[in-house]
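This report refers to the structure that appears directly beneath it.
Everything numeric here is computed off the predicted structure, so don't read it as measured data. Here is the naming used below: chain letters follow the sequence lines, and residue numbers restart at 1 for every chain.
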Amino acid sequence: MIILLAILTPFLAATFIPALYKRFPSRHIGWFVMLVPLALFILLASFVPSIAGGAKYTYEFKWIDSAGINITTYLDGLSMIFGLLITGVGSLVILYSIYYLSERESLGRFYVYLLMFMGAMLGVVFSDNLMVLYVFWELTSISSFFLIAFWYHRKQSRYGAKKSLLITVSGGVAMLAGFLILHALTGSFSIREITSTIGQYTDDKLFVYAMILVLIGAFTKSAQFPFHIWLPDAMEAPTPVSAYLHSATMVKAGIYLVARCTPLFGGEALWFYLVSGVGLFTLFWGALNAVRQTDLKALLAYSTISQLGLIMSLLGIGSAALQEIGQVNTFIFTGAAFAGLFHLINHSTFKGALFMVVGIVDHELGTRDIRRLGGLIAFMPLTFTISVIGSFSMAGLPPFNGFLSKELFFESVANLIDSNVFSIGAWGTVFPVIAWVASVFTFIYCMIIVFKTFMGKPKSERIDQGAHEPPLGMHIAPLILSALVLGIFFFPNLVGSYLLKPAMASIYPMFEGVEGLVPHISVWHGFKLPLLMTIGVVVLGTVLYLTLPRWKWVFSLGPMRWNLDALYNGILMKSEKTSHLVTSKYMTGHLRDYFAYIFLFFIIVIGGGLYWIGGFPFDFSDDAPITLNEYIIVASMAIAAIFILFAKSRTTAILLNGVLGYSIAILFVVLRAPDLALTQIVVETVTTVLFLVCFYFLPDWKKETASKPTKFINALIAILVGTIVTVFALVVQGNPLFDSISVYFEDAYNLANGLNIVNTILGDFRAFDTMLEVVVLFIAGIGVFTLIKLKSGKGEKDIED
Amino acid sequence: MKINDVILRTVTRIVVFIILTFGVELFLSGHNEPGGGFIGGLVLSSAFVLLYLVHDLEWVQKGIPFDFKKIAALGVLLAVGSGIGSVLFGGNFLEQATGVFTLPVFGETSLYSVSIFEAGVALTVVGVVVTIILSISEDV
Amino acid sequence: METLITILIGVLVTVAVYLLLSRNLIRVILGSAILSHAIHLLIMTMGGLKKGDAPLLGENSNSYTDALPQALILTAIVISFAVTAFLLVLAYRIYKETGTDNLNELRGFNDE
């Protein structure tokens, strides 16, 4: 229950922001916003001891019970880690935003989106039901879209937002398909239930498709190759957003999904190869591309891609443990998942700090281009210190937490060499090699961040003039994060036993409580392979960093020019062009043509259908008798209707329409419908008044100027439609397929205490319809009112194209 | 639109009251006889429309100082709220209840919770119809 | 009776469709109003006509006409009134903004 409230709290808070912001349009509104994640963080943290003790909390709120879709919240070790990240980093990011964003920005909008994202993200990690998870998953994509396009007047922002939305949402749809397959297989939407029964279905041929589709969802969200291209463009978002969504939380939703699905799909060779292979290649590709970036944020984006790849590959390796149940080498693989989770936490700390540092540099100097930066150490010593801590941790150097997880990572890939898992054979050696090479590049770009920005000579005049430390408030958040970077290095096992242990139990439910699942993290474990690898990285990395200008030509080689962005743009352009071409063929802009399409479709389908069944089984035997006055009414109506077509003036036409309306009212009397007759009379009166009032302002109608052939076609369509409606109605009347359900309503007095059946239907039996009808009426009223009163201003002018 | 027609004006003043009474009667009798929220609301609004047509806008607005948009909104709130109300009493959404009470003057009287719903419908209809006609005629 | 009304419906639909295909905005709105008249009659006819007394239980009759179509039509009448009103005001606003009520001149922008 409390977890459900935790998910809803950000949404609720978001609804208050606009009103609050209207009254206090100041940056200090951020303090109120910050309370939300801070309170949730404390709340979640209070669960940590019991979760570490193996407790799990579930709460079910019935939603669409008949379809098996219920809002089930599930708090276990894995969701705990993510929950703490979301709320913890969230608080820090909001604190940072208070100082980062100027008061001229529309802060209300910003915080609404941010809170919406926070709630959605909490929903993703705490949902047990796949459908609910999917809804929240897409909601994170949407809020990310809004946040990237926060400065929507910039073309690049809109481009980046659209790109991220297109890629992540199409991935999400693939994931939805995967979920539906899982549901078709197991008959359940609950992850826990599916996990417990999936064993029987692993041989089904649909199982593989489910796996691949779910993975596409995870890969697009976590920016894995080849879907990573959206992340660099997403850097158009304000820096706090990049720090929060695009490094610490949203992009880790894919990781979460993979970790959560490990008990489902783990142990399959395909899963192992896909996750670890894609992850490893992404690690390498991201690191390589990061080196050549000149924009600090783009560099961080590629480094995020690369680090996500690292975590992904570790989870992939970790999944192998599920295949080898009972064998000795199981813990080699669980160790990999452990390292992955550990690095996940570490990455959020150091990358968050680095993003905030870049934000500070950007904020103070107005540029993030490393070609124009340099020598900042003299002006911003504190910022420099934070960036050293962050970068060196990312590079995997002691005494920072990145060192520990990097060592574990090396150990895990090195273990693959002679494990021969899934008959990997000699390929097992490829893993550590790629990992090592990628780490060399990681080292290089980490050095670029620190040394190109802060060392050397100041290159821009602006630095000489006004560079100085930002307000202290901007430093608080990154300082807390860097303190964590150091703290985790010195007390890693605190994290290990309180956060990672229960999370490991969620990934490996069958090993829960088994000794050795949670390794002891030690800073020093002798001159073994991992440490040697790290030393190698540092040595080669330093050499390559110093000689960077001499081998930069590598980036202009063939494979480096593979441009996925061009592919994406090309496909988008092509599809836009084609659809424009096709659409402009039939979307003529003439209302008449659209009506003609509708009626022609009607004629072809209904008329064709009638012709096809043939026979026209009319049956007039049940007809009621007709009296003379009824003949007169009907005849006068028909005549009035036809005369409308030939009316010379619109007033005549409207009066003839009135004749129709009042005659129908009389017909209603004849046909025993007093309520309808009353309503019809009044409505007809008011409508006629309305027409006349409008005519006062509108020009008189001119004679139809359409050409003879058009008129002929129109008449033909009209006559055909009229005939088909008549014939169809006659056929239906003669051949009722079902008994009338109206007998039920004749019991109205007992059921609803009313004598007027029509009224009881409106007020009791079908009150929901009536309520919505009233709402529609109200909306129409508002529409009329605004149409008349609204004098629209022209839209904002400062939008680039 | 100024129409100087004494007879029409005088007649209207009387007729409007007849129509209003008729509208209320239709609204109240709806549960058992022909009538109800929609019809009652429509008849009431036609009375207002008649007033606006015969007299000028300012004249009527002095006499009936309501904002009809707010009346429409109130009606929707009432209709939806009566549905939520039944949830608060443990029923289903929009479930209606009836009670027979003995009141001092009226004797035995049936009270329907559906009347609240119908009142919401009627108010919405009055509000919307009058708003529509008014906003067009105002915009000269 | 049903057959007669159904033929009337056919006439009304024909007129309405012809008006809808016109290029004058007022004619289109008039067409939609007539079309809704026709449809109300159609719903009514589908429930059978004059099969009993008015659906008021106070009449103490043996049989009543089908009340369900009547309830549906009551809803439809009010909604079609709202739609007609909205369309009229739309036409009025369009005329004020663009100075025309000819649909051939109202084709939006080509680049959208």
Side-chain angles (χ1 to χ4, degrees), chain A residues 668-669 672-687 689-697 748-749 751-791, chain B residues 1 23 26 29-46 49-50 52-53 68-69 72-73 75-76 78-80 82-83 93-100 110 112 114-115 117-118 120-125 127-140:
Chain A
F668 283 149
V669 174
R672 322 273 198 268
D675 290 280
L676 292 187
L678 277 167
T679 316
Q680 179 67 31
I681 289 173
V682 185
V683 164
E684 200 53 43
T685 313
V686 180
T687 312
V689 169
L690 202 62
F691 266 104
L692 291 175
V693 171
C694 271
F695 284 174
Y696 185 77
F697 305 102
Y749 190 73
L751 291 168
N753 281 300
L755 293 173
N756 181 347
I757 304 181
V758 175
N759 198 271
T760 51
I761 292 177
L762 289 175
D764 290 273
F765 299 117
R766 312 286 310 159
F768 205 71
D769 294 354
T770 313
M771 190 196 86
L772 292 179
E773 184 205 351
V774 168
V775 175
V776 169
L777 190 67
F778 183 59
I779 292 171
I782 296 175
V784 168
F785 184 75
T786 29
L787 261 182
I788 288 183
K789 299 286 170 187
L790 183 76
K791 302 283 185 278
Chain B
M1 279 198 283
L26 276 176
S29 67
H31 214 57
N32 296 325
E33 302 289 322
F38 278 117
I39 305 167
L42 280 168
V43 171
L44 288 179
S45 47
S46 70
V49 171
L50 184 62
Y52 282 111
L53 284 182
F68 281 94
K69 293 185 293 299
V76 174
L78 212 57
V80 179
S82 78
F93 186 64
L94 282 172
E95 190 172 305
Q96 310 292 1
T98 319
V100 179
S110 305
Y112 308 101
V114 74
S115 298
F117 180 72
E118 293 271 335
V121 172
L123 283 179
T124 316
V125 171
V128 170
V129 172
V130 178
T131 306
I132 290 174
I133 302 263
L134 272 195
S135 27
I136 299 175
S137 0
E138 268 174 1
D139 192 55
V140 180

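Top candidate by heavy-atom pairs under 4.5 Å with chain A, chosen from B:S29, B:A73, B:G120, B:G127, is B:A73. No other option in B:G75, B:G37, B:A72 has as many heavy-atom pairs under 4.5 Å with chain A as B:A72.
Nearest heavy-atom pair across A:V686 and B:S46 is CG2-CB, 4.4 Å. Closest heavy-atom contact between B:P34 and A:L678: CB-CD1, 4.3 Å. Of all the heavy atoms in A:G781 and B:I132, the pair that sits closest is CA-CG1, 4.4 Å. When all heavy atoms of B:F117 and A:M771 are compared, the pair lying nearest together is CZ-N, 3.8 Å. Between B:E118 and A:G763 the shortest heavy-atom distance is OE2-CA, 4.0 Å.
Contact annotation for A:T679: both backbone and side-chain heavy atoms come within less than 4.5 Å of a heavy atom of chain B. Contacts of B:L26 with chain A are made by side-chain atoms alone, with heavy-atom separations under 4.5 Å and no backbone atom involved. In this structure, no portion of A:L772 lies under 4.5 Å from any heavy atom of chain B. For B:V49, the part sitting under 4.5 Å from any heavy atom of chain A is the side chain, from C-beta outward, and nothing else.
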*Given the rule in the side-chain contact (heavy atoms from CB on, under 4.5 Å) test, do A:L777 and B:V125 qualify, once you have shown the distances and angles that lead to the verdict?*
CA-CA 7 Å; A:L777 190 67; B:V125 171; 3.7 Å; yes
*Derivation and outcome, side-chain contact (heavy atoms from CB on, under 4.5 Å), residues A:T685 and B:L42*: CA-CA 10 Å; A:T685 313; B:L42 280 168; over 6 Å; no
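With contacts defined as side-chain heavy-atom distances shorter than 4.5 Å, the pair B:F38/A:D675 does not qualify. Inter-residue side-chain proximity for B:V80 and A:V774 is flagged as unmet; no heavy-atom pair is nearer than 4.5 Å.
Results of the side chain to side chain contact (heavy atoms under 4.5 Å, CB included) test with A:V682 over B:L44, B:V129, B:V43 single out B:V43 as the only residue that passes.
Between atom CG of residue B:L123 and atom CZ of residue A:F778 there is a gap of 12.0 Å, rounded to the nearest 0.5 Å. Once rounded to the nearest 0.5 Å, the distance linking CG of A:N759 with CD1 of B:I39 reads 7.5 Å.
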